[in-house]
Protein chains: 2
Amino acid sequence: MHTGIAGAVSRIEVSRTGTTAPDSRMGLAAPLDRIIVGDCIASLDSLADASVDLVFADPPYNLQLEHALTRPDQSLVDAVDDDWDKFASFGEYDAFTRRWLTACRRVMKPDAALWVIGSYHNIFRVGAILQDLGFWILNDIVWRKANPMPNFRGRRFTNAHETLIWATRSSSKRYTFHYEALKGGNDDLQMRSDWFIPLCTGDERLKGADGRKVHPTQKPEALLARVLLASSNPGDVVLDPFLGTGTTAAVAKKLGRRFIGLEQDPGYAAAAERRIAGVSPVTSAAVAAAPARRSEPRVPFLSLIEAGLIAPGETLRDQRGRHQALVRADGTLLLGPAVGSIHKIGALAQGLPACNGWTFWHVERAGAPVPIDDLRSAFRTAFKAAA
Amino acid sequence: MHTGIAGAVSRIEVSRTGTTAPDSRMGLAAPLDRIIVGDCIASLDSLADASVDLVFADPPYNLQLEHALTRPDQSLVDAVDDDWDKFASFGEYDAFTRRWLTACRRVMKPDAALWVIGSYHNIFRVGAILQDLGFWILNDIVWRKANPMPNFRGRRFTNAHETLIWATRSSSKRYTFHYEALKGGNDDLQMRSDWFIPLCTGDERLKGADGRKVHPTQKPEALLARVLLASSNPGDVVLDPFLGTGTTAAVAKKLGRRFIGLEQDPGYAAAAERRIAGVSPVTSAAVAAAPARRSEPRVPFLSLIEAGLIAPGETLRDQRGRHQALVRADGTLLLGPAVGSIHKIGALAQGLPACNGWTFWHVERAGAPVPIDDLRSAFRTAFKAAA
DNA sequence: TTTGCATATGAATCGCGGA
DNA sequence: GTCCGCGATTCATATGCAA
């Protein structure tokens, strides 16, 4: 599937703004916004420990595996025990998978995440090995293709999807996920695990001088964009160990992320280089981190009283006026004999184990109930303006 | 999760029309249209070689739940915490998987096929072991749930699908696939690998005397119907090694297939028996693929950006140009310091409690304002076949 | 009878930061 | 590292009761 593009390239500087990442314990500097041409494992081994925030991998389909699988003799063997000779090709693919995943794991920061995309030929093996290595699967995602190639012989279902696995380096709880941003771009409904995205065609598809596609499995930029928007921040370092013609790098540049691209094939790397050079980043306002409720500064309820937004002695009620509590000067609430935080007293009032007091309690303003969360927002706005 | 159903049952005859299959090389008769209560492996070992045409397996998923989960309203999610789903390690789960798959393989006819359903917790392991044992994967199928449980903490994508693997016993090319029937039931389009089917709820869901669900993971009959119609013939013997409350058997009976059901739990088996007794086979003329249910063609605003119909950084305006907002790369809008969906920001701009962003916002095309709803229509038209 | 509101629920690996 | 408390978080259906 090679075209006539480019010759031997040992290292390609992709961007004039390329810099290096801070030294790590290994004392090596990671080359940012560049493509490293060479063996994937060797290139990974040259990177510093804990230096990347996100990995996106589109690993190769093992040709040897394909060849071995077409052998006609498997039906003759009534397999109960493993026959090494028979499964040698799977074993080789597994060993390769284990090597590159292990190498990726080393260069990932502790809270980094990894994405892998594959089809039924390889994704089950990749997923099982991921788990064996200690990665922690967060979701499997289905890329539903808008326009898949039909099954010409009519012997199977149209292969209309590919599978992505999203996993953290370990089962530690911290990872990047822009939940609210994705929800906001989806009619205020949380984004599901099935994504409907067209194939990479038309102008987006890289063509050689002969008009033929440069790479057989070029992924759509829309797919990478959703991955990067969901699970990385502007400025994050995104590593693609099988860069191909550079979709990951192009989208990373467009969205204000840094990238490290590894590619064995100089032709692909050269095509990727030219492609990336032509990418203009979108404006920072279009990609700047959106304010998430979780990351907003904490506001003690007491601050609202101190700011005069709520008076000591006022009565708080729930939306429908079924529960009420008295505001004390110290920022606690009084309900019968009980004194406690807005959350504790809200939970107590409803007989529930927990409660978000900010959204549960209301004060009366101009004859209508106003959530105290609105007062908190006003406080934050005023505070920001003052600061 | 047991209900008060039934007591000890050693073998349950489900149908008065039950017969036995022809003797095999092992000289054992397979009990047809019956449920065998007992250990799955032992029961499989009691069946004759090469005696079944199709296997459908819904094995334990090995879910690894760490804590109780509550909905935002503090109600408790009734999770799958049954003993039968607990395994000490991946290694143990793998060994279990290898045992039952190997046992199934023996009782499958040479041209028989097998289906397994699972989630990301187990399906990668199952798929890899399938391949190791010599099964030949034909497709992986995605069951897209119409009404999945949301992700209550907003920490991941909604887990909106499960995966099925369809595989033959070996790489032999012969297997049953009713391509034309499925195509006919799908508006004369090839049936794709992503199926949109609702959860099993309402009257179809088996309830105990206490009104609670009998089985935590009962599958929808529509799913089994599509599987059996696609990959089996009337009169074929369908084996389910994890019958549960009998969906496979009930659909098999309805569609004129024979079944062998294995179930460890006498309570589940008894419920299945009663259920199956109430099933009437449909006339053979009516045994055709149920029309595919089409998902609602909801289009995320983000998809318009991904498709290049709107560029990140563009300005949206209302019809008369009195309000404007900036399009962000993630499909949210930016208005002053506020970031939110097209609906939220539309409402904010007008000072209204709600707004339909699709009709409110416009982009400029050829010097004239175009509602973004028109772009959505264009997107739908371009990809309507896949909805 | 119809309409509308309140409630129930589904295979789920479902916080985070400061002390 | 652990502990503790704040406070963030849900969608499509089905059903039952009230008006």
Side-chain angles (χ1 to χ4, degrees), chain A residues 111 131 135-140 166-168 171-175 177 179-180 183 186-193 292-301 320 331 340-344 346-347 353-361 372-373 376, chain B residues 1 58-82 84-87 90 117-123 143 145-163 198-205 207 211-213 215-220 242 244 295-296 298:
Chain A
D111 297 334
Q131 293 178 309
F135 286 93
W136 191 248
I137 297 179
L138 297 171
N139 277 116
D140 59 335
W166 177 36
T168 48
S171 63
S172 118
K173 300 286 186 210
R174 296 185 50 188
Y175 53 92
F177 181 49
Y179 171 78
E180 289 174 315
K183 186 176 174 178
N186 189 39
D187 275 19
D188 290 321
L189 294 172
Q190 59 179 214
M191 190 69 81
R192 295 167 44 119
S193 57
R293 290 183 69 91
R294 278 190 170 86
S295 62
E296 294 207 56
R298 291 271 162 95
V299 176
F301 181 63
R320 295 200 266 169
S341 70
I342 52 173
H343 314 296
K344 286 269 162 57
C355 166
N356 183 343
W358 290 110
T359 51
F360 178 71
W361 293 113
I372 59 174
D373 203 26
R376 180 171 63 159
Chain B
M1 192 47 72
D58 183 9
Y61 284 10
N62 191 26
L63 298 182
Q64 291 147 60
L65 312 174
E66 297 195 354
H67 305 104
L69 179 65
T70 55
R71 299 185 181 81
D73 65 2
Q74 306 300 322
S75 62
L76 188 66
V77 174
D78 187 11
V80 178
D81 54 1
D82 306 71
W84 51 253
D85 196 47
K86 293 196 192 313
F87 294 84
F90 283 133
I117 184 168
S119 67
Y120 67 84
H121 310 85
N122 71 323
I123 199 66
W143 168 29
K145 301 180 182 183
N147 45 347
M149 191 187 308
N151 185 289
F152 296 117
R153 294 286 174 277
R155 298 296 299 147
R156 306 182 179 194
F157 297 97
T158 309
N159 218 328
H161 75 277
E162 293 188 23
T163 301
L199 295 177
C200 178
T201 60
D203 289 340
E204 188 187 324
R205 188 85 194 217
K207 306 284 199 322
R212 297 179 53 186
K213 61 191 176 192
H215 194 283
T217 69
Q218 186 180 336
K219 296 293 178 291
F242 308 98
S295 66
E296 87 269 28
R298 200 172 52 73

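What you see is a predicted model; the values in this text were computed from it and never measured. Here is how names work: the chains are called A, B, and so on, in the same order as the sequence lines, proteins then strands, and each is numbered from 1.
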Novice: Indicate whether OP1 or OP2 belonging to D:dG7 is found under 4.0 Å from a side-chain N or O atom of A:His343.
Specialist: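 So the side-chain polar atoms of A:His343 do come within 4.0 Å of the phosphate oxygens OP1 or OP2 of D:dG7, strictly under.
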Novice: Can you check ring pair (Phe, Tyr, Trp, His ring centres under 6.0 Å) on A:Phe177 and A:Trp166, steps first, answer last?
Specialist: CA-CA 11 Å; A:Phe177 181 49; A:Trp166 177 36; 5.2 Å; yes
Novice: Nearest of C:dA12, D:dT10, C:dG15 to any side-chain atom of B:Arg71?
Specialist: D:dT10
Novice: Checking A:Tyr175 against A:Trp136 for the ring pair (Phe, Tyr, Trp, His ring centres under 6.0 Å) test, could you report, in this order, the C-alpha distance in whole Å, the side-chain angles of both residues, the deciding distance, and whether it holds?
Specialist: CA-CA 11 Å; A:Tyr175 53 92; A:Trp136 191 248; over 10 Å; no
Novice: Quick check on C:dG10: is either OP1 or OP2 less than 4.0 Å from any side-chain nitrogen or oxygen of B:Lys213?
Specialist: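 Result: yes.
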Novice: Using heavy atoms and a sub-4.0 Å distance, could you list which residues of residues 149-157 of chain B are near DNA chain C? By number, please.
Specialist: B:Met149, B:Pro150, B:Asn151, B:Phe152, B:Arg153, B:Arg155, B:Arg156
Novice: Within the 4.0 Å heavy-atom criterion, would you say B:Asn122 contacts the bases, only the backbone, or no part of the nucleic acid?
Specialist: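 Nothing, no heavy atom under 4.0 Å.
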Novice: What's B:Pro220 touching, base or sugar-phosphate or nothing? Going by heavy atoms closer than 4.0 Å.
Specialist: nothing
Novice: Please determine whether a side-chain nitrogen or oxygen atom of A:Tyr179 lies at a distance below 4.0 Å from atom OP1 or OP2 of D:dT10.
Specialist: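 Yes, such a contact exists.
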Novice: NA contact type, A:Glu180, heavy-atom cut-off 4.0 Å: base, sugar-phosphate, or nothing?
Specialist: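 Answer is sugar-phosphate: A:Glu180 comes under 4.0 Å of backbone atoms only.
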Novice: Atom CG of B:Asn62 and atom CZ of B:Phe90: how far apart are they, to the nearest 0.5 Å?
Specialist: 6.5 Å
Novice: Any side-chain N or O of A:Arg376 below 4.0 angstrom from OP1/OP2 of D:dA8?
Specialist: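 For D:dA8, OP1 or OP2 has a side-chain N or O of A:Arg376 closer than 4.0 Å.
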Novice: Using 4.0 Å as the upper bound for N to carboxylate O, is an ion pair formed by B:Arg298 and A:Asp187?
Specialist: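 Between B:Arg298 and A:Asp187 there is no salt bridge, as every charged N stays at least 4.0 Å from the carboxylate O atoms.
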Novice: With a 4.0 Å cut-off on heavy atoms, is B:Lys219 in touch with a base, just the backbone sugar-phosphate, or nothing at all?
Specialist: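 The residue B:Lys219 makes base contact.
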Novice: Heavy atoms only, 4.0 Å cut-off, all strands: where does A:Gln190 land among base, sugar-phosphate and nothing?
Specialist: sugar-phosphate
Novice: Using a 6.0 Å cut-off, check whether atom CZ of B:Arg71 has over 12 heavy atoms from anything other than its own residue.
Specialist: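 Counting other residues, nucleotides and ligands, CZ of B:Arg71 exceeds 12 neighbours.
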Novice: Any ion pair linking B:Glu66 and A:Lys173 (charged N to carboxylate O, less than 4.0 Å)?
Specialist: yes
Novice: Within the structure shown, what part of the strands sits under 4.0 Å from B:Thr217 by heavy-atom distance: base, sugar-phosphate, or nothing?
Specialist: base
Novice: Can you tell me the base-pairing partner of D:dT9? Count Watson-Crick or G-U wobble geometry only, both distances below 3.5 Å, and say none if there is no partner.
Specialist: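 Across any shown strand, D:dT9 pairs with none.
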Novice: What contact category does B:Asp203 fall into here, base, sugar-phosphate, or nothing, at under 4.0 angstrom with non-hydrogen atoms?
Specialist: sugar-phosphate
Novice: Provide the distance between the two P atoms, one in D:dT9 and one in C:dA11, to the nearest whole Å.
Specialist: 25 Å
Novice: Between A:Phe135 and B:Pro148, just flag the one whose closest nucleotide in DNA chain C comes earlier from the 5' side.
Specialist: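 Of the two residues, B:Pro148 wins.
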Novice: When you measure from the side-chain N and O atoms of A:Lys344 to the phosphate of D:dG7, is any distance below 4.0 Å, counting only OP1 and OP2?
Specialist: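 No, outside the criterion.
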Novice: Is the distance from OP1 or OP2 of D:dT9 to the nearest side-chain N or O of A:Arg293 less than 4.0 Å?
Specialist: yes
Novice: Looking at C:dA11, which nucleotide sits across from it as a Watson-Crick or G-U wobble partner, both distances under 3.5 angstrom, or is there none?
Specialist: none
Novice: Please determine, for the side chain of A:Ser341, which listed nucleotide (D:dG7, D:dC6, D:dT10) has the closest atom?
Specialist: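 Per side-chain heavy atoms of A:Ser341, the pick is D:dC6.
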Novice: Kindly assign one of parallel, tilted or perpendicular to the pair B:His215 and B:Trp84, based on the angle between their ring planes and the thresholds 30° and 60°.
Specialist: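 Taking B:Trp84 first and then B:His215, their aromatic rings lie parallel (interplane angle under 30°).
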Novice: Let me spell it out: for each of A:Val299 and B:Pro72, pick the nucleotide of DNA chain D with the closest heavy atom. Which residue's pick is nearer the 5' end?
Specialist: A:Val299
Novice: Looking only at side-chain N and O atoms, does A:Lys183 come under 4.0 Å of OP1 or OP2 in D:dT10?
Specialist: yes
Novice: Which of these nucleotides, C:dG10, D:dA8, D:dC6, is closest to any side-chain atom of B:Asp78?
Specialist: C:dG10
Novice: To check you understand the geometry: which heavy-atom pair defines the closest contact between A:Gln190 and B:Asn151, and what is its length?
Specialist: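 A:Gln190 and B:Asn151 have their closest heavy atoms at OE1-N, 2.6 Å.
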